[in-house]
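We use all heavy atoms of the structure for the numbers below, so side chains are in, but hydrogens, waters and symmetry mates are not.
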Amino acid sequence: MISDNQSSQTLSSTPPLHALPFRFMRFPKHKILLVNEAGEFLFLKTEEFEQLISFNLDLQGDIYKDLKAKHFLVDSEASLAPVIDLMATKYRTKKSFLKNFTSLHMVVVTLRCNHRCDYCHASSKDMDDRQWDMNTETSRKVVEMIFQSPSPSIKIEFQGGEPLLNFKTVKEIIEYAERINRKEHKNLSFVLCTNLSLITEDILNFLKKHSVLISTSLDGPKEIHGMHRILRKGGSSYEIFIEKLKMTRAIVGEDKVSALLTITKDSIHGLTRVIDEYVRLGFHGVFLRALNPYGRARTAGKVLNYKVEEFVNAYKNALRYIIELNLGGVWI
């Protein structure tokens with residue numbers, strides 16, 4: 001149980017010690033977690049904690065030095081005010097993000113999708129079911145709400161479904177946001193999350209003109225990618241992905257396209273092959289994303305899922321392999 005008892009009295013010792021406010025929680029194996037208002041923390045053994053609260057500390061010991069360094073106590077009246085000022089600075093720094101609020105805004109322009117991935121957490125809808133599209137009136141209100149953020153930077157990320165199925169609204173949002181930004185003068189940027197299969201030269205030319213970054217999905221080589229990233233009409237999406245990736249890079253540039261994968265039970269023990277595919281296709285980064293147990297993935301969990309320990313071990317092995325590649329001259 002967390003105690004809110006915050007002690008600040010002077011305790012008898014030589015030199016005089018002052019305890020600063022902290023909270024504590026008891027853990028198994030006789031461990032006690034201490035946390036102060038600045039977010040500093042320290043684990044103590046039960047006997048060490050008892051020495052602290054009774055101030056029977058060894059003033060030459062490591063525990064005393066750690067408590068002092070992390071501002072759980074001070075050893076003189078003169079240092080009390082400067083340490084409190086320092087903790088206040090740390091606290092302001094820790095909470096400074098509140099001044100700007102959020103800069104990233106994810107806009108779902110449709111739930112329709114031409115894929116039927118069995119791990120889809122968005123619960124995508126049929127391609128013809130247009131009731132799931134965002135309309136112009138709503139999109140304008142969304143943009144106006146986004147610009148109420150005090151953040152000097154605004155990033156709008158288009159998601160779905162497949163946002164290209166409602167590209168009209170994507171264009172309206174981009175153009176309306178740019179029009180508002182002529183007055184607001186924020187650092188405005190856009191990201192389009194797409195499976196690429198519906199991309200065209202006209203769309204790409206528009207995205208290039210407005211400096212829109214593209215985020216896509218690649219689960220690995222054909223046999224892995226095709227297991228779960230399935231077209232709604234049936235069949236693997238791998239070949240069309242490769243074709244559209246080439247066209248996309250040719251128009252907007254290679255540095256404007258990134259990819260991520262969703263790790264399933266079918267790929268978790270073969271991540272080196274997945275990384276090799278990313279390297280082969282010229283990607284310089286890979287996002288090792290665990291399976292989210294939402295939407296369709298929730299019902300397919302027994303087939304697709306794995307234990308947290310499996311993911312952590314696979315992630316470590318993948319990271320080691322990426323380091324080896326870099327040491328060998330491959331940039332990823």
Quick one: closest heavy-atom pair of [X] and [Y], and the distance?
| X | Y | value |
| --- | --- | --- |
| Tyr64 | Leu59 | CD2-O, 3.1 Å |
| Lys90 | Ala38 | CB-CB, 4.0 Å |
| Pro163 | Thr110 | CA-CG2, 4.1 Å |
| Thr136 | Ser139 | O-OG, 2.7 Å |
| Ile268 | Ala314 | O-CB, 3.4 Å |
| Ile322 | Ile332 | CG2-O, 3.4 Å |

Is there a donor-acceptor pair closer than 3.5 Å between any side-chain N or O of [X] and the backbone N or O of [Y]?
| X | Y | answer |
| --- | --- | --- |
| Ser76 | Ser79 | yes |
| Ser189 | Lys155 | no |
| Asn292 | Tyr294 | no |
| Lys256 | Ser211 | no |
| Tyr306 | Ile263 | yes |
| Lys171 | Phe206 | no |
| Thr93 | Thr89 | yes |
| His30 | Lys45 | no |
| Asp133 | Asn166 | no |

Next item on the list: Pick out which of Val212, Val143, Ile156, Leu188 makes a side-chain contact (heavy atoms from CB on, under 4.5 Å) with Ile174.
Entry: Val212
Between atom [atom1] of [X] and atom [atom2] of [Y], what is the distance when rounded to the nearest 0.5 Å?
| X | Y | atom1 | atom2 | value |
| --- | --- | --- | --- | --- |
| Thr169 | Met134 | OG1 | CE | 7.5 Å |
| Asp126 | Leu165 | CG | CG | 11.0 Å |
| Thr200 | Leu164 | OG1 | CG | 8.0 Å |
| Arg229 | Tyr119 | CZ | OH | 4.0 Å |
| Phe311 | Asn305 | CZ | CG | 11.0 Å |
| Ser153 | Leu104 | OG | CG | 11.5 Å |

Exercise: do [X] and [Y] side chains pair donor with acceptor under 3.5 Å:
| X | Y | answer |
| --- | --- | --- |
| His210 | Glu175 | no |
| Glu144 | Tyr176 | yes |
| Ser237 | Asn195 | no |

Between the side chains of [Y] and [X], is the shortest nitrogen-to-carboxylate-oxygen separation below 4.0 Å, so that they form an ion pair?
| X | Y | value |
| --- | --- | --- |
| Glu239 | Lys222 | yes |
| Asp129 | Arg112 | no |
| Arg273 | Glu277 | no |
| Lys141 | Glu137 | yes |

Margin query: Does Glu310 form a side-chain contact (heavy atoms from CB on, under 4.5 Å) with His269? I'd like the steps, not just the answer.
Written below: CA-CA 9 Å; Glu310 285 184 89; His269 299 299; 3.3 Å; yes
Next item on the list: Examine Ile240 and Ile242 and state if one hydrophobic cluster contains both, with Ile, Leu, Val, Met, Phe, Trp and Tyr joined whenever side-chain heavy atoms are less than 4.5 Å apart.
Entry: no
Notebook entry, point to check: Leu34 and Leu86: same hydrophobic cluster, using ILVMFWY side-chain contacts below 4.5 Å?
Noted result: no
Please determine whether the number of non-hydrogen atoms from other residues, nucleotides or ligands lying under 6.0 Å from atom [atom1] of [X] exceeds 12.
| X | atom1 | answer |
| --- | --- | --- |
| Arg232 | CZ | yes |
| Asp255 | CG | yes |
| Phe43 | CZ | yes |
| Gln131 | CD | yes |
| Tyr321 | OH | yes |
| Asp85 | CG | yes |
| Phe27 | CZ | yes |

Next item on the list: With sequence neighbours left out, write down each residue that passes side chain to side chain contact (heavy atoms under 4.5 Å, CB included) with Ile323, or none if nothing qualifies.
Entry: Leu319, Leu327
Margin query: Test salt bridge (Lys or Arg N to Asp or Glu O under 4.0 Å) on Glu324 and Arg320; report intermediate values, then the result.
Written below: CA-CA 6 Å; Glu324 289 174 8; Arg320 291 190 191 99; over 6 Å; no
Next item on the list: Apply side-chain contact (heavy atoms from CB on, under 4.5 Å) to Ile180 and Ile146, showing your working.
Entry: CA-CA 11 Å; Ile180 292 177; Ile146 286 172; over 6 Å; no
Check: Can you name the residues that form a side-chain hydrogen bond (donor to acceptor under 3.5 Å, both in side chains) with Thr194, not counting sequence neighbours?
Finding: Glu162
Margin query: Ring-plane angle category for Tyr278 and Phe283, please: parallel below 30°, perpendicular beyond 60°, tilted otherwise.
Written below: tilted
Next item on the list: Could you check whether the rings of Phe49 and Phe24 sit parallel, tilted or perpendicular, using 30° and 60° as the cut-offs?
Entry: tilted
Next item on the list: Could you walk me through whether Asp266 and Asp219 pass side-chain contact (heavy atoms from CB on, under 4.5 Å), step by step?
Entry: CA-CA 10 Å; Asp266 296 308; Asp219 281 357; over 6 Å; no
Next item on the list: Walk me through it: do Leu207 and Ile214 pass the test side-chain contact (heavy atoms from CB on, under 4.5 Å)?
Entry: CA-CA 9 Å; Leu207 298 178; Ile214 296 173; 4.0 Å; yes
